There are 2 protein chains.
Amino acid sequence: MAITIRDIAREAGVSTATASRALRRLHNVDPATIARVQAVADRHSYVVSPAASRLAGGRTGSVAALTPYVSRWYFATVLSGVEQVLQEAETDLLLLVAGDPGRQARTPPVRRLSQRVDGFLVISLDPDSPELGGLLELDAPKVLVGTKWPGVPSVSIDDERAARLATQHLVNLGHRRIGLIAGRPGRSPFLAERARKRGFETAVAWPAPGSSTLEYGYGDFTVDGGETAMNALLAQPHPPTAVFCMSDEMAFGAMRALRLHGLVAGRDVSLVGFDGHDLSGMLDLTTVVQPVAQIGATAAQMLLQEISDASGQKPVEVEIPTRLVVRSSSRPPA
Amino acid sequence: MAITIRDIAREAGVSTATASRALRRLHNVDPATIARVQAVADRHSYVVSPAASRLAGGRTGSVAALTPYVSRWYFATVLSGVEQVLQEAETDLLLLVAGDPGRQARTPPVRRLSQRVDGFLVISLDPDSPELGGLLELDAPKVLVGTKWPGVPSVSIDDERAARLATQHLVNLGHRRIGLIAGRPGRSPFLAERARKRGFETAVAWPAPGSSTLEYGYGDFTVDGGETAMNALLAQPHPPTAVFCMSDEMAFGAMRALRLHGLVAGRDVSLVGFDGHDLSGMLDLTTVVQPVAQIGATAAQMLLQEISDASGQKPVEVEIPTRLVVRSSSRPPA
DNA sequence: CCCCGGCACGATAGCGTTTACACGACTGAC
DNA sequence: GTCAGTCGTGTAAACGCTATCGTGCCGGGG
């Protein structure tokens with residue numbers, strides 16, 4: 001049943017070595033030979049055994065993507081960008097979920113995986129988080145997405161600046177009591193979250209320190225969490241007149257909370273989100289738009305590059321620009 | 001650098017064969033030996049080479065998931081369910097996108113993949129679609145999600161019945177001009193879409209044939225598409241008073257279209273969606289809720305089962321119940 | 001006391017590729 | 001006409017594991 005390269009070689013009248021070289025389009029092979037071998041292979045719809053190929057020292061032809069979530073919009077969209085590039089390059093994608101702060105922290109089998117893949121795509125995870133169990137030490141090609149780390153290639157946005165500009169937009173509109181809906185209390189495991197908080201705080205303290213008050217809510221980056229957080233903010237003695245949400249999904253929840261209180265986003269309380277979620281337009285949410293799929297695609301390209309270029313280039317840190325899209329959810333205070 | 005099972009065996013004072021058996025917990029090994037070997041392996045943080053293991057006749061320890069989209073809510077959520085089960089079973093997930101009717105139809109390398117994985121999870125794809133290039137002929141374990149096929153295990157919902165009940169809900173409310181927003185015109189490549197259309201048509205023709213009129217729009221299962229489709233329906237001489245959308249995302253778009261026309265979903269035009277999208281609650285959309293993540297998890301479990309049970313069980317077709325959740329987007333006509 | 005079956009383990013032959021290394025046949029330069 | 005240098009190809013040794021046999025050993029039934 002199993003047809004091997006030996007069979008192909010015999011039928012094409014060459015040695016297995018030549019067959020192997022021909023199938024991989026190596027340079028030192030007669031074009032005529034390549035054509036002959038390929039023809040035989042096609043006729044039998046033969047494909048090399050990746051296992052044997054890998055064992056004999058070749059590449060695995062696949063990369064792993066580590067992500068804390070699959071179904072949340074941002075991550076799913078990054079993955080779609082990644083997938084598209086990899087499919088183009090005939091490289092397989094191994095999906096591994098790790099780093100969800102809410103989930104039981106199971107150390108992902110990076111060690112085992114490192115045998116199975118040529119490189120790693122690490123999405124949003126702090127590379128030194130314990131759960132990544134020494135991913136950094138592994139000298140396999142890797143690219144970080146949405147995070148940075150000295151000496152490791154990455155593609156990310158300027159979270160601090162984006163958050164600062166978004167918040168400043170609220171300040172410029174005249175808001176003084178500005179709330180923040182972040183992910184989780186305490187030190188976030190996500191670098192981006194910490195950066196966004198810094199950006200927010202900078203903007204709020206500006207132009208005159210103390211001129212604005214700020215309040216925090218925590219929405220765990222989910223819609224429901226955003227709703228809960230907004231409710232908490234509204235329950236305070238002096239609720240904020242504007243709220244910056246660290247993700248669109250939390251902003252959606254906040255919108256719902258407002259509606260259930262008989263309030264309208266933009267009219268009663270201004271809202272700014274972050275991400276550029278598919279539905280942000282439909283809900284008229286002012287938000288920081290980032291080209292998420294493109295980020296994933298870029299990272300995938302860089303990883304492929306790094307894999308093929310064995311030459312140890314110096315790691316690049318790509319920064320993708322974002323833009324604030326103002327919609328009707330943010331307006332001057334009443 | 002590379003440490004092999006031979007090293008482990010030597011250090012544990014056993015043969016490579018015994019080491020291999022010990023590491024795999026086979027039955028005919030002294031528990032004491034297992035412990036000793038495992039200890040040595042742990043000390044060196046050794047993991048078997050999957051390539052070698054596979055080559056020598058074992059399993060690959062991974063499965064492939066074929067899906068037409070990654071970032072759309074339904075698919076991303078199915079995947080998250082799948083991933084969770086597979087991670088539990090220490091099985092790797094290979095992600096492959098194929099079957100998007102809008103994308104260039106590249107035949108996915110099922111043949112190549114079949115060398116790399118122990119089984120296939122096929123999400124929403126009609127298994128006989130040409131793009132699947134003989135996946136059905138491959139006698140590898142496989143499970144269909146959201147589709148059925150004779151002789152192949154599957155986990156799905158009763159799309160026809162669910163669509164019928166959803167539409168009937170609109171009829172019962174008193175609506176007579178009921179519109180449908182489907183995916184694409186012509187014969188859909190998705191079995192589920194065809195079934196939902198049948199269910200819709202049955203309900204509309206009931207109780208008295210001809211008592212209701214129906215109009216079609218096509219939204220390609222996207223938010224923007226839904227908006228466009230709704231605009232088209234509203235532009236007709238006698239716009240429908242209620243619309244059944246084949247997905248929540250299209251319903252969201254339809255809502256937006258209504259809003260831009262100064263209309264309100266539920267008051268002016270009733271809307272029913274399909275899926276139970278995370279945001280359907282926040283938008284007060286009446287919808288057919290299906291336990292999407294659970295569907296993925298169930299399918300993954302079945303696949304694992306099928307892989308371990310070499311015994312050719314007769315294929316099971318699991319049907320997961322859905323329920324209509326009525327919210328304020330559907331009300332009696334004005 | 002012998003034989004047989006079950007048990008824990010050892011030796012070894014692959015599994016299907018890739019990759020040195022070797023080899024002959026040309027080519028052009030001297 | 002010899003010699004170094006390509007070029008296209010063949011030979012065979014890995015690659016790291018598992019599967020198939022085979023080998024002692026022990027205990028119990030005849």
Side-chain angles (χ1 to χ4, degrees), chain A residues 1-38 40-41 44-62 92 111-118 307-308 310, chain B residues 1-38 40-41 44-62 111-118 308 310:
Chain A
M1 150 158 189
I3 164 165
T4 81
I5 200 176
R6 210 122 36 193
D7 304 320
I8 302 298
R10 185 170 347 105
E11 189 164 333
V14 296
S15 72
T16 64
T18 301
S20 171
R21 286 187 282 244
L23 289 172
R24 281 176 305 149
R25 305 281 124 86
L26 294 195
H27 27 286
N28 275 1
V29 192
D30 185 345
T33 310
I34 291 190
R36 193 152 30 94
V37 173
Q38 189 60 56
V40 177
H44 297 286
S45 70
Y46 160 86
V47 285
V48 303
S49 153
S53 172
R54 158 73 170 137
L55 183 55
R59 310 248 163 281
T60 66
S62 54
D92 293 328
R111 199 128 241 137
R112 174 164 62 90
L113 267 181
S114 71
Q115 297 255 34
R116 262 176 142 56
V117 300
D118 297 330
I307 288 172
S308 56
Chain B
M1 148 153 192
I3 164 166
T4 81
I5 201 176
R6 210 124 33 196
D7 305 319
I8 302 298
R10 186 169 347 104
E11 189 165 332
V14 296
S15 71
T16 63
T18 301
S20 171
R21 285 186 283 244
L23 290 173
R24 282 177 302 151
R25 304 283 125 86
L26 295 194
H27 28 285
N28 274 1
V29 191
D30 186 343
T33 309
I34 291 189
R36 192 151 31 93
V37 173
Q38 188 62 56
V40 177
H44 296 287
S45 69
Y46 161 86
V47 285
V48 303
S49 153
S53 172
R54 158 76 170 133
L55 185 54
R59 310 243 163 286
T60 66
S62 54
R111 199 127 239 137
R112 174 164 63 90
L113 267 181
S114 72
Q115 297 255 35
R116 262 175 142 57
V117 301
D118 297 330
S308 57

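Labels below follow one simple rule: chain letters A, B, ... track the order of the sequence lines, proteins then strands, and each chain is numbered from 1. Please read these numbers as outputs of a predicted model, since none were measured by experiment.
Minimum interatomic distance between A:Gly61 and A:Asp118 (heavy atoms only, all atoms of both residues): N-OD2, 2.9 Å. Nearest approach of B:Val14 to B:Ala19, heavy atoms of both residues: CG2-N, 4.1 Å.
Atom pair B:Ile5:CD1 and D:dA19:P shows a separation of 11 Å (rounding to whole Å applied). At whole-Å resolution of the value, CZ in B:Arg6 and C1' in D:dC17 are 8 Å apart. Distance, B:Ile3 CD1 to D:dC15 P: 15 Å, rounded to whole Å. Straight-line distance from the CG atom of A:Leu55 to the C1' atom of D:dT18: 12 Å, rounded to whole Å.
A:Glu11 is not listed as a side-chain neighbour of A:Asp7, based on a closest heavy-atom distance of 4.5 Å or more. Counting heavy atoms from C-beta outward, A:Arg21 and A:Asn28 have side chains that stay 4.5 Å or more apart. Here the side chains of A:Asp30 and A:Thr18 are not in contact, with every heavy-atom distance at 4.5 Å or above.
For the pair B:Arg59 and D:dC17, the criterion of a side-chain N or O lying under 4.0 Å from OP1 or OP2 is not met.
Remark: side-chain polar atoms of A:Thr16 are not paired, donor with acceptor, to backbone N or O of A:Arg6 under 3.5 angstrom. A donor-acceptor pair under 3.5 Å is formed between the side chain of B:Arg54 and the backbone N or O of B:Gln115. Without hydrogens or angle criteria, B:Ser62 side chain to B:Arg116 main chain gives a donor-acceptor distance under 3.5 Å.
Between the CD1 atom of A:Ile307 and the OG1 atom of A:Thr60 there is a distance of 7.5 Å, given to the nearest 0.5 Å. Taking CD1 from A:Ile8 and CZ from A:Arg36, the interatomic distance works out to 13.0 Å, rounded to the nearest 0.5 Å. Residue B:Thr4 holds its OG1 atom at 7.5 Å from CZ of B:Arg10, rounded to the nearest 0.5 Å.
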What protein N or O atoms touch nucleotides 4-11 of chain D N or O atoms at under 3.5 angstrom, if any, and at what distances?
unit_1, atom_1, unit_2, atom_2, d
D:dT9, OP1, A:Thr33, OG1, 2.5
D:dT9, OP2, A:Asp30, N, 3.0
D:dT9, OP2, A:Thr33, OG1, 3.2
D:dG10, OP2, A:Ser15, N, 2.7
D:dG10, OP2, A:Ser15, OG, 3.0
D:dG10, OP2, A:Thr18, OG1, 2.8
D:dG10, N7, A:Arg21, NH2, 3.0
D:dG10, O6, A:Arg21, NH1, 3.3

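Each end of the helix from C:dC1-D:dG30 to C:dC30-D:dG1 gets its own axis, taken as the rotation carrying the C1' atoms of four end pairs onto the next four within a five-pair window, and the two axes meet at 50° to the nearest 10 degrees.
Scanning for side-chain hydrogen bond (donor to acceptor under 3.5 Å, both in side chains) contacts around A:Ser20 gives A:Arg24, with sequence neighbours left out.
Nucleotides of DNA chain C that come within less than 4.0 Å of any heavy atom of chain B span, from the 5' end to the 3' end, C:dA8 to C:dG16.
Residue A:Arg54 is classed as having no contact, given no heavy-atom separation below 4.0 Å to the nucleic acid.
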Under 3.5 Å, which donor-acceptor pairs do the side chains of residues 45-52 of chain A form with other protein atoms, sequence neighbours left out?
unit_1, atom_1, unit_2, atom_2, d
A:Ser49, OG, A:Ala51, N, 3.4
A:Ser49, OG, A:Ala52, N, 3.1

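Residues of residues 44-53 of chain B that place a heavy atom closer than 4.0 Å to DNA chain C do not occur.
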